[in-house]
Colleague: 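Here's a structure for you.
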Amino acid sequence: MLLYWDPEKNMVRKPKFDELADAAYTLLQLIPIGYVISYGELAKILGVNPRIVGRLMAINENPIVIPCHRVVYSSGELGGYSRGGAYVKKKLLVLEGVLSRDSERVSREKILSAKELYDP
DNA sequence: CATCGAACCAACC
DNA sequence: GGTTGGTTCGATG
């Protein structure tokens, strides 16, 4: 669980939503091209529910610098993509060599675990 | 493999 | 307060 220091109250506190978003986006930049991560694994690092990670991706204003298309279902299926739809997400992943043109699912070896991405 | 239901929680109304 | 999401996981057929 990600925690922040509150100097006013002199105690730790849970992250605010936008701080969570910042943390998530930073983690995304660590994903090498050719790999992806699942909503659940990201959620594990951030200490939130996978659904929340979905929301964090959805409010991303900067798909250019924030590669939120590299976040997929734990099953390997692609999941959603609000900027342009699932079609664009697939296109990007094919471009990065994660997915073959005729497939709808990323192979398991390309999905990084929480530990592989971030070792606290 | 397909469907189901529960758990999750910020945002929006 | 109730609904809605870029989910997940286990159970069941």
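Residue numbering restarts at 1 for every chain, and letters A, B, ... go by the order of the sequence lines.
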Colleague: Round to a whole Å and report the spacing from CD of A/Glu19 to C1' of B/dA10.
Modeller: 14 Å
Colleague: Report yes if some heavy atom in the side chain of A/Arg70 is under 4.5 Å from a heavy atom in the side chain of A/Ile33; otherwise report no.
Modeller: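 Yes. Closest side-chain heavy atoms under 4.5 Å.
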Colleague: Could you tell me if the side chain of A/Ser74 sits less than 4.5 Å from the side chain of A/Ile111, heavy atoms only?
Modeller: no
Colleague: Counting C-beta onward and ignoring hydrogens, is there a side-chain heavy-atom pair between A/Leu46 and A/Leu56 closer than 4.5 Å?
Modeller: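 Touching, per the 4.5 Å side-chain cut-off.
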Colleague: Before accepting this row, confirm whether a basic side-chain N of the pair A/Lys110/A/Glu96 lies closer than 4.0 Å to the acidic partner's carboxylate O.
Modeller: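 Between A/Glu96 and A/Lys110 there is no salt bridge, as every charged N stays at least 4.0 Å from the carboxylate O atoms.
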Colleague: When the C1' atoms of B/dC8 and C/dG5 are compared, how many Å lie between them, rounded to an integer?
Modeller: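 Rounded to whole Å, the distance is 12 Å.
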Colleague: Please tabulate, one pair per line, each protein N/O and nucleotide N/O from nucleotides 3-7 of chain C that are separated by under 3.5 Å, including the distance.
Modeller:
{"residue": "C/dG5", "atom": "N2", "partner": "A/Arg55", "partner atom": "NH2", "Å": "2.7"}
{"residue": "C/dG5", "atom": "N3", "partner": "A/Arg55", "partner atom": "NH2", "Å": "2.9"}
{"residue": "C/dG6", "atom": "N7", "partner": "A/Ser82", "partner atom": "N", "Å": "2.9"}
{"residue": "C/dG6", "atom": "N7", "partner": "A/Ser82", "partner atom": "OG", "Å": "2.4"}
{"residue": "C/dG6", "atom": "O6", "partner": "A/Met57", "partner atom": "O", "Å": "3.3"}
{"residue": "C/dG6", "atom": "O6", "partner": "A/Ser82", "partner atom": "OG", "Å": "3.4"}
{"residue": "C/dG6", "atom": "N2", "partner": "A/Tyr39", "partner atom": "OH", "Å": "3.3"}
{"residue": "C/dG6", "atom": "N2", "partner": "A/Cys68", "partner atom": "O", "Å": "2.6"}
{"residue": "C/dG6", "atom": "N3", "partner": "A/Tyr39", "partner atom": "OH", "Å": "2.8"}
{"residue": "C/dG6", "atom": "N3", "partner": "A/Gly80", "partner atom": "O", "Å": "3.1"}
{"residue": "C/dT7", "atom": "O4", "partner": "A/Arg51", "partner atom": "NH2", "Å": "2.6"}

Colleague: Considering only heavy atoms from C-beta outward, does the side chain of A/Leu28 approach that of A/Asn60 to under 4.5 Å?
Modeller: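 Result no, sub-4.5 Å side-chain heavy-atom pair not found.
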Colleague: Any heavy-atom pair between the side chains of A/Lys44 and A/Tyr39 that's under 4.5 Å?
Modeller: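 No - every pair of side-chain heavy atoms lies 4.5 Å or more apart.
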Colleague: In whole Å, I'd like the distance from the CG atom of A/Leu42 to the C1' atom of C/dT8.
Modeller: 14 Å
Colleague: Who is the Watson-Crick or G-U wobble partner of B/dC8, with both distances under 3.5 Å?
Modeller: none
Colleague: In whole angstrom, give the distance that lies between atom NZ of A/Lys14 and atom P of B/dA10.
Modeller: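 From A/Lys14 NZ to B/dA10 P: 7 Å.
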Colleague: Of all of residues 109-116 of chain A, which get a heavy atom below 4.0 angstrom from DNA chain C, listed by number?
Modeller: none
Colleague: Whole angstrom is fine here: how far is it from NZ in A/Lys44 over to P in B/dC8?
Modeller: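 The answer, rounded to whole Å, is 17 Å.
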Colleague: Within the 3.5 Å criterion, strictly below it, is a donor on A/Glu41 or A/Ser38 matched to an acceptor on the partner's side chain?
Modeller: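 No.
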Colleague: Is the closest side-chain heavy-atom distance between A/Val106 and A/Leu78 below 4.5 Å?
Modeller: yes
